[in-house]
Amino acid sequence: MLRYDSSGKPFIIIRDQDQKERLTGSEARKANILAAMTVANLMKTSIGPLGMDKILVDQDGEVTATNDGATILKNMQVENPIAKLLVELSQGQDDEIGDGTTSVVVLAGALLEESLSLLEKGIHPSKISEGYEKACDIAVKHLISICDKIEFDKENCGSLIKAAKTSLGSKIVNQYTDKIAKISVEAVLAVADLERKDVRFDLIKLEGKTGGTLGETELIDGIIIPKNFSHPQMPKQIKNAKIAILTCPFEPPKPKTGHKLDIDSVKKYKELLEIEQNYFKEMTDLVKKSGATLVLCQWGFDDEANHLLLQKELPSVRWVSGTDIELIAIATGARIVPRFSELTEKKLGKAGMVTEKSIGTTDEKMIVIEKCSNTKTVTILVKGGNKMVVEEGKRSIHDALCVTRNLIKDNRIVYGGGAAEISCSVAVNKASKEIKGIEQYSIRAFSEALLSVPIALASNSGLNSLEAVSEIQLKQMKDKKPFLGIDCLSKGTDNMKEQNVFDTLRGKIQQFLLATQMAKMILKIDDIIRPTGQY
Amino acid sequence: MSTEAFQPARILNQGSTQEKAEGARLSNFIGAIALSDLISTTLGPKGMDKILQSPSNLLDSTITNDGATILGSIQISNAAAKILIEISKVQDDEIGDGTTSVVVLAGELLKEAEKLIHKRIHPQTIIKGFRLAKDIALKKLRSVSQDYSENQEELKKYLKKIAMTIFSTKILTPYKSLFADLAVDSILRLKGSTNLESIQILKKTGGLLKESYIEEGFVLDKKIGVGQPKRIENAKILVANTSMDYDKIKIFGSRVVVNSSSKLAEIEEEEKKKMLRKCQKIVDHGINVFINRQLIYNLPEQFFTDNGVMSIEHADFAGIERLSLVTGGEIVSTFDHPELVTLGTAKLIEEIMIGEDKLIRFSGCKEPSACTIILRGSSKQILDEAERSLHDGLAVLSQMVKNPKIVLGAGCTEIIMAQAIEEAAKETSGKIQIAMESFARALTRIPTIIANNAGYDAEQLVSELKTKHYKGNNTFGIDVMGGKVCDVQKIGVFESLLVKEGMLLKASEATEMILRVDTIMNSAPRRRGMN
């Protein structure tokens with residue numbers, strides 16, 4: 001790019017033009033919008049209870065089959081910068097809400113698609129952005145006005161289960177929704193602090209296991225660690241275990257400063273031997289003295305130490321992972337002890353029952369820690385016929401857990417099946433007529449874009465999508481019922497209240513906000529520069 | 001959406017590919033069906049075997065008809081085929097048998113699904129129908145199974161028949177009765193435990209398959225130290241995991257520095273003494289047999305010989321664990337408290353000869369459940385295949401003891417399930433009905449393939465079989481040996497409910513998973529030599 005300064009001398013702003021590819025103005029915008037739409041179109045088929053899955057084959061040939069938007073996008077190996085933004089978008093929704101990761105991308109894609117025709121009309125992108133902004137405000141306000149509150153408590157969690165079911169409905173686990181939704185809700189309620197409206201997710205552990213079917217997934221009141229006892233002859237079951245959690249190995253200490261210990265006489269050799277033996281004895285004695293009946297160690301054991309532990313009747317587990325250690329510490333009320341000398345009885349955790357269980361015909365074992373003194377930790381053991389199903393099961397349960405948590409934080413809901421989107425679309429469209437200026441067009445475009453999710457929903461369900469959506473639109477306007485939606489499963493009613501299909505208000509608002517923000521951001525770009533040769 | 005048609009923007013990495021809708025489905029079907037076709041010829045008593053050659057060493061080949069083994073060793077890049085391999089593996093881990101049928105059933109289900117998709121039926125509708133059909137089949141399967149948990153004597157009889165059914169599809173067919181006895185005998189010793197570890201299978205080339213036998217007690221494929229007694233009665237055994245070569249100092253950073261050769265000799269002497277002290281401690285346990293996981297050097301071995309202790313070195317980890325299990329002794333690594341150590345016992349330890357090899361036999365052990373099956377065979381490949389087959393049988397039988405439910409084999413249950421589904425389909429309206437019928441058809445394909453593999457007019461036989469069932473003869477199946485339809489109870493072909501259940505559930509789960517897919521995205525393969 002060449003420019004001239006005040007004295008007429010040319011200078012170069014961007015070097016090496018010939019090695020760069022450059023798109024500007026409306027061309028850049030169009031290219032960006034096209035990229036975003038490609039991603040959105042890809043995701044469209046995964047929406048709704050009858051949405052399809054995608055198979056992702058990673059670099060090493062490992063197969064993932066999923067219909068979770070965030071997972072698909074994350075593993076897609078996207079290179080296009082705009083497509084990458086959309087991946088981030090769905091990631092953002094996943095981190096914040098955990099569900100609706102597909103819809104948010106589809107919505108953003110639709111907003112951009114609508115803007116394409118606005119651009120062709122000659123409307124300036126920033127005008128479009130402003131319009132979207134306003135429309136989004138209207139939509140969010142409308143959402144708040146039509147939301148319902150659901151009531152629940154620890155005993156009466158029917159409504160939470162229904163919400164979890166909506167989230168699970170679109171996944172492969174949907175033939176066991178009843179059971180898995182119940183498990184998810186129970187898990188969340190077990191760790192939830194209803195007064196503070198807080199749920200600590202790190203207290204719920206998801207453990208996968210191939211074998212059996214998804215229907216055999218179970219909730220365990222405690223923690224599972226995929227390990228076995230360090231010595232085959234240690235008891236396989238410990239009742240009322242007092243647990244010592246150690247983060248130091250049962251080995252002679254290794255000082256971090258470099259040192260050498262020279263042995264130059266028989267006497268020294270003998271002394272050293274004694275010291276070595278004593279190390280092991282001291283370690284095990286200290287543990288025994290503290291009154292522990294189970295040792296969990298983050299590190300390994302020396303053979304000798306291992307045997308001493310057996311002799312002292314101290315069942316122990318080695319190489320327990322750091323996260324597991326933390327979880328167990330929370331669950332059993334134990335303190336994590338970094339040095340043997342600091343081990344006291346007060347620092348021990350308590351668990352009612354610790355058992356080693358073996359599974360199937362292979363020699364796989366796991367240790368189950370149950371009846372912990374601080375019962376607020378649970379494990380969901382996901383089972384399935386193959387690795388991919390188990391992984392997808394875990395992802396789906398994670399989504400359901402998120403939904404439940406969000407409801408505990410904020411119990412306002414809106415109705416699913418596209419009902420909320422259609423209702424907002426109607427409201428936005430109505431509002432647009434009272435707004436002066438060009439923005440009116442973009443607000444109307446926003447209302448059109450909102451329909452993209454219900455349209456995808458309907459077409460995935462094998463309905464005549466446009467017809468179905470327009471019918472619902474009409475009905476909603478006539479009856480003033482914002483809970484009419486697409487009857488995806490042909491249950492014979494479009495009343496989502498009756499079908500018990502609902503989403504969290506927070507999730508929906510977040511979707512609208514994130515999608516709008518993303519559309520605005522992409523519209524703002526008017527120049528793409530990239531080095532050629534890569535493409 | 002007209003803009004989409006212009007030119008799809010490229011968003012993926014270079015080298016990544018994407019298959020969509022019909023293309024994706026096609027590639028899934030082709031992959032999965034090709035795989036199931038590949039393996040379907042091994043199904044049934046007259047199924048054929050496959051040679052698997054390892055890519056690195058052409059001389060290293062395996063001959064097998066075990067589904068999981070075949071699938072485990074072929075290299076596949078197709079995503080759907082990978083899912084099928086995975087279910088076969090899981091079936092193997094969980095139940096042990098039925099690894100071929102699970103893949104074949106999934107393949108047949110997908111073939112049927114493909115036809116339905118051509119008829120413009122939405123995959124989700126097919127899934128719905130398949131699910132319904134699966135539930136019906138499962139219910140029927142459970143209702144026709146017979147529970148023998150009350151009647152142990154009967155169960156034992158049936159266990160043998162089940163074992164024979166399993167072995168009849170394997171290399172062991174000619175001697176299936178012998179091997180069935182071996183398997184049942186060793187499983188019954190376990191007394192309900194599913195821990196197959198205490199059954200040891202030892203392969204020795206030479207001799208014939210039919211010369212295989214069960215050895216009471218435990219056999220260790222190791223040598224007794226030089227000059228030590230070859231036979232010890234009332235053995236007291238110390239099972240250890242400790243270094244008996246040179247005892248390294250475990251304190252970090254220590255090293256020996258000497259300034260004269262006399263000093264060196266002193267240290268060396270001390271080292272020896274240290275080892276001997278350790279040996280003395282070991283002998284002080286009052287033992288006459290010492291078995292170590294690690295090496296035993298000459299010096300300690302000498303010491304043991306002098307003290308009349310039999311020492312066995314280098315028993316690997318699995319061997320040690322088994323030994324400690326069967327002799328009841330604990331695995332010891334420190335020797336300061338003989339009074340706390342539980343020693344293992346055996347009535348008799350002696351060296352025996354099998355073929356040309358010397359082995360050590362422990363008999364009269366504390367844990368009577370232990371036994372060793374000695375397999376004889378003329379080549380390594382035969383022995384390997386025999387071991388796999390035996391393992392399948394043992395795995396199924398061990399699960400059977402826990403869950404003693406039996407169904408009829410020989411294609412009988414498949415037809416029963418298929419007919420239950422067809423019955424139910426008649427009362428279901430909508431496209432689901434067609435999907436259910438397809439499911440039933442896929443089930444009947446299994447006996448068809450078995451009959452086909454045996455070289456009979458399969459369609460004829462299966463249709464005869466169907467008629468029999470329609471007339472209410474619900475115990476009829478195909479006698480593959482005789483090539484005719486007959487009462488399965490008479491020919492004694494029984495199978496475990498667990499195997500059939502696993503097959504049905506896993507195959508339909510995998511089918512569903514593959515059907516749900518409408519896009520496949522392949523990442524660019526990791527480039528070699530980069531970074």
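Numbered from 1 within each chain, the chains take letters A, B, ... in sequence-line order.
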From the list His122(B), Lys82(B), Arg131(B), the residue making the most non-hydrogen contacts under 4.5 Å with chain A is Arg131(B)
Contact winner vs chain A - Glu501(B), Glu86(B), Gln91(B), heavy-atom pairs under 4.5 Å: Glu86(B)
Answer with side chain, backbone, both or neither: which region of [X] has an atom nearer than 4.5 Å to a non-hydrogen atom of chain B?
X: Asn67(A); value: side chain
X: Lys30(A); value: neither
X: Ile72(A); value: side chain

Smallest separation among heavy atoms of Lys44(A) and Asn460(A), with atom names: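 Here Lys44(A) and Asn460(A) meet closest at O-ND2, 3.0 Å.
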Met43(A) versus Gly69(A), closest heavy-atom pair with distance: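 Here Met43(A) and Gly69(A) meet closest at CE-CA, 3.4 Å.
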Charged N to carboxylate O under 4.0 angstrom, Lys54(A) versus Asp518(B)? yes
Lys273(B) versus chain A, the contacting section by heavy-atom distance below 4.5 Å: neither
Atom group of Ile514(B) that falls short of 4.5 Å from chain A, counting heavy atoms: neither
Got a sec, which residues hit side chain to side chain contact (heavy atoms under 4.5 Å, CB included) with Ser452(A), two or more places apart in sequence or on another chain?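 By the side chain to side chain contact (heavy atoms under 4.5 Å, CB included) rule, Ser452(A) matches Val106(A), Leu107(A), Ala110(A).
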Report the residues that fulfil side chain to side chain contact (heavy atoms under 4.5 Å, CB included) with Asp68(A), sequence neighbours left out, ordered by chain and then residue number. Thr66(A), Ala70(A), Thr71(A), Thr101(A), Lys171(A), Arg395(A), Asp399(A)
Once rounded to the nearest 0.5 Å, what's the spacing between atom CD1 of Ile126(B) and atom CD of Glu512(B)? 12.0 Å
